[in-house]
Structures are given as structure tokens and as C-alpha cells.
Protein chains: 2
Amino acid sequence: MAKKPGQSVRGSTTGRPIMVLLDALGRRWALRVLWELSSGPSSFRDLQARCGDVSPTSLNARLKDLRDLQLVALTEEGYALTRHGRDLAARLGPLNAWANTWAKALG
Amino acid sequence: MAKKPGQSVRGSTTGRPIMVLLDALGRRWALRVLWELSSGPSSFRDLQARCGDVSPTSLNARLKDLRDLQLVALTEEGYALTRHGRDLAARLGPLNAWANTWAKALG
DNA sequence: TGAGTTTGCTACGTTTTCCGTAGCATGGAG
DNA sequence: CTCCATGCTACGGAAAACGTAGCAAACTCA
């Protein structure tokens with residue numbers, strides 16, 4: 001069961017939403033799943049393939065978390081971002097451009 | 001040694017910068033460290049305290065990664081964000097406001 | 001109806017990561 | 001020399017993530 005805002009997480013007992021969020025996004029595959037789903041719904045197995053054949057165990061654990069946090073939901077079209085999830089993913093989108101310039105500077 | 005752009009990471013063999021970034025940020029304490037350092041440089045032990053007394057082992061591992069990726073550097077004032085690091089952290093800043101409305105909606 | 005396919009997902013045993021505690025080495029201050 | 005703060009490592013145990021195999025339910029098509 002994923003920790004929700006208001007609950008104590010690793011490194012913060014205050015339950016501040018940003019701390020809960022940073023903790024949740026810091027788990028393996030969390031960011032990647034949001035990223036992949038931002039381009040549309042996906043079945044479990046499709047999502048698994050998009051994530052480089054991540055094991056179903058790991059994928060399912062992260063999906064459980066993200067569903068608890070109401071960022072992802074299982075719909076008739078497969079796994080999809082919720083309204084909150086889309087909102088969050090929209091803020092992560094620009095990271096792609098940033099990452100490219102960062103990579104170029106790293107040479 | 002942290003994986004750099006161009007190198008294969010978990011779930012992606014292409015080395016695309018965004019994939020490398022998502023993988024790096026998906027490690028424990030990575031996001032939190034960037035977050036804490038965005039409000040100014042910090043000594044190792046201070047940073048440790050800010051992160052809820054994270055173990056030095058974990059903190060140091062993550063700092064090594066972030067230094068490899070040139071997001072963090074050890075300066076005369078302590079650990080600090082590099083130019084790239086500040087740039088990235090600036091894009092994470094707005095997540096705080098988002099997290100608050102998200103938490104309120106989850107309430 | 002019944003064989004084949006695709007779905008989401010779990011069981012299980014192994015590997016990797018993370019963690020807490022203790023403490024070392026260096027350097028500055030008194 | 002003593003005291004204290006610094007960055008950091010060693011070590012053993014706990015938790016998280018992993019790969020492989022495969023189940024049960026729903027669909028497809030004969």
C-alpha cells in the first residue's frame with residue numbers, strides 16, 4: 001500500500017504532499033510508467049514491453065502504488081493516467097527537452 | 001558509477017537522455033537531494049539531517065551518482081547544485097504547488 | 001463447444017539495493 | 001594535545017526489485 005499525502009514517508013514525518021510525491025516518484029519505474037502512459041493508455045503487457053520488458057512483479061507493484069495515489073487507473077482502454085496523472089505528466093513533459101541539452105553539454 | 005546519457009539503462013537500451021534521467025531520478029533520495037539543495041548548499045551532515053537522517057551510505061551513493069551526472073558538486077560551501085542541477089531543480093520546483101492541490105483533492 | 005489467444009496478475013526463489021550502526025581519517029580551533 | 005566537525009567507508013541485516021513460470025478469466029474463431 002502506497003503512502004498518501006498526510007502520512008509519514010521515508011525522510012519526512014510531516015506528511016507534506018511534496019515529500020510524499022518525491023518518495024513515490026523515487027521508486028523504480030514510477031517515473032517511467034507515468035512517462036509512457038502520457039502518450040496514451042496501454043494494456044499491462046504493452047506497458048511492460050514499452051518499459052523494456054520490466055518484470056510483471058515490479059510493474060504491478062508500481063501500478064498498485066500509482067493507483068493508490070490516483071495518478072493511474074485501469075480503464076476499459078487499459079491502464080491510463082487519471083486527471084491528476086495527466087496533470088503531473090504534463091509537468092514532466094518538458095524534462096525531455098531539458099535532458100537533451102543536458103546530454104549535449106555533458107558531451 | 002552512474003549511467004550517463006548515451007549509455008544503456010534499465011528498461012532502455014537506446015541511451016536517450018530522458019531515459020537516463022528518469023532512471024537516475026528514480027533512485028532513492030535522488031529527487032529529495034535535488035529538492036533540498038535547491039534552497040542552497042549544504043554540508044554532508046546537514047544534508048543528511050535535512051533528509052530525515054538518511055544513512056550516510058545511501059546519501060553518499062546518491063551523491064556519487066548526482067556528481068557523475070554533473071547535477072551536484074562538492075564546493076567550498078559544501079554540496080551544491082551545478083548549473084545543470086539548478087536548471088533541473090527549477091523545473092521541479094512547481095511540483096510543490098501541484099502536490100498541494102493534488103493532496104487536497106485526494107483528501 | 002472447444003481449441004487457441006490475450007488479458008491482468010501472482011508464486012517463488014534469487015539478486016540487487018538500501019539501510020542502521022559504528023567508526024576512521026582529516027582538518028581547524030582553542 | 002584536546003576537542004569537535006567534516007566527509008566518508010565497513011559491515012551485516014532488511015527490504016525492494018528481479019526473472020521465470022504459469023494461473024484464471026475473458027475473448028475469438030471455428
Side-chain angles (χ1 to χ4, degrees), chain A residues 1-3 7-13 19-20 22-37 40-69 71-82, chain B residues 1-3 7-13 19-20 22-37 40-69 71-82:
Chain A
M1 197 72 163
K3 297 296 177 53
Q7 300 185 312
S8 163
V9 294
R10 240 190 318 267
S12 171
T13 58
M19 291 304 165
V20 176
L22 293 182
D23 184 62
L25 296 185
R27 286 164 188 271
R28 208 145 285 164
W29 300 109
L31 283 167
R32 177 67 175 270
V33 164
L34 290 178
W35 183 266
E36 295 297 340
L37 288 183
S42 231
S43 74
F44 186 94
R45 284 171 127 99
D46 181 40
L47 192 53
Q48 196 183 354
R50 280 160 170 267
C51 293
D53 287 320
V54 53
S55 77
T57 320
S58 306
L59 179 57
N60 191 44
R62 220 42 0 104
L63 284 172
K64 269 201 173 83
D65 293 346
L66 294 174
R67 285 202 273 182
D68 281 348
L69 297 175
L71 297 174
V72 164
L74 180 52
T75 73
E76 298 182 353
E77 300 181 303
Y79 280 97
L81 296 179
T82 63
Chain B
M1 198 73 163
K3 296 296 176 55
Q7 299 184 313
S8 163
V9 294
R10 239 192 319 267
S12 172
T13 57
M19 293 303 166
V20 176
L22 293 182
D23 184 63
L25 297 184
R27 285 164 187 268
R28 209 142 285 165
W29 301 107
L31 282 168
R32 176 68 174 270
V33 164
L34 291 178
W35 183 265
E36 296 297 341
L37 287 183
S42 233
S43 75
F44 186 94
R45 283 170 128 99
D46 180 41
L47 192 52
Q48 196 183 352
R50 280 160 170 267
C51 292
D53 287 321
V54 53
S55 78
T57 321
S58 305
L59 179 57
N60 191 44
R62 219 47 354 107
L63 284 172
K64 267 202 175 86
D65 292 346
L66 294 174
R67 285 202 272 181
D68 280 348
L69 298 175
L71 297 174
V72 165
L74 179 52
T75 72
E76 297 182 354
E77 301 181 303
Y79 280 98
L81 295 179
T82 62

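Residue numbers begin at 1 in each chain, while the letters A, B, ... track the order of the sequences. Side chains included, hydrogens not; waters and symmetry mates left out as well; all remaining heavy atoms used.
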| For B:Asp46, salt bridge (charged side-chain N to carboxylate O under 4.0 Å, His left out) partners two or more places apart | B:Arg50

| note | By salt bridge (charged side-chain N to carboxylate O under 4.0 Å, His left out), A:Asp23 pairs with (sequence neighbours left out) A:Arg10, A:Arg27

| Residues which pass side chain to side chain donor-acceptor pair (under 3.5 Å) with B:Ser55, listed by chain and number, not counting sequence neighbours | B:Ser58

| request: Using the test side chain to side chain donor-acceptor pair (under 3.5 Å), find all partners of A:Arg67 that sit at least two apart in sequence or belong to another chain. | output: A:Tyr79

| request: Would you check if A:Leu37 and A:Leu66 make a side-chain contact, meaning some heavy-atom pair closer than 4.5 Å? | output: no

| Do A:Leu71 and A:Leu81 have side-chain heavy atoms sitting under 4.5 Å apart? | no

| said: Taking side chain to side chain contact (heavy atoms under 4.5 Å, CB included) as the definition, give me every residue that meets it alongside B:Ala24, ordered by chain and number, with sequence neighbours left out. | reply: B:Leu69

| Set of side chain to side chain contact (heavy atoms under 4.5 Å, CB included) partners for B:Glu76, sequence neighbours left out | none

All N/O pairs under 3.5 Å across the protein-nucleotides 4-8 of chain C interface:
unit_1: C:dG8; atom_1: OP1; unit_2: A:Phe44; atom_2: N; d: 2.7
unit_1: C:dG8; atom_1: OP2; unit_2: A:Phe44; atom_2: N; d: 3.0
unit_1: C:dG8; atom_1: OP2; unit_2: A:Arg45; atom_2: N; d: 3.2
unit_1: C:dG8; atom_1: N7; unit_2: A:Arg45; atom_2: NH1; d: 2.6
unit_1: C:dG8; atom_1: O6; unit_2: A:Arg45; atom_2: NH1; d: 3.0

| task | Output yes when at least one side-chain N/O atom of A:Lys64 is less than 4.0 Å from OP1 or OP2 of C:dT10, else no. | result | yes

| query | Reading nucleotides 12-20 of chain C 5' to 3', which nucleotides get B (base under 4.0 Å from a protein heavy atom), which S (sugar-phosphate only), which -? | reply | -----SSBB

| request: Figure out the CD/P separation between B:Glu76 and D:dT6, and round it to whole Å. | output: 16 Å

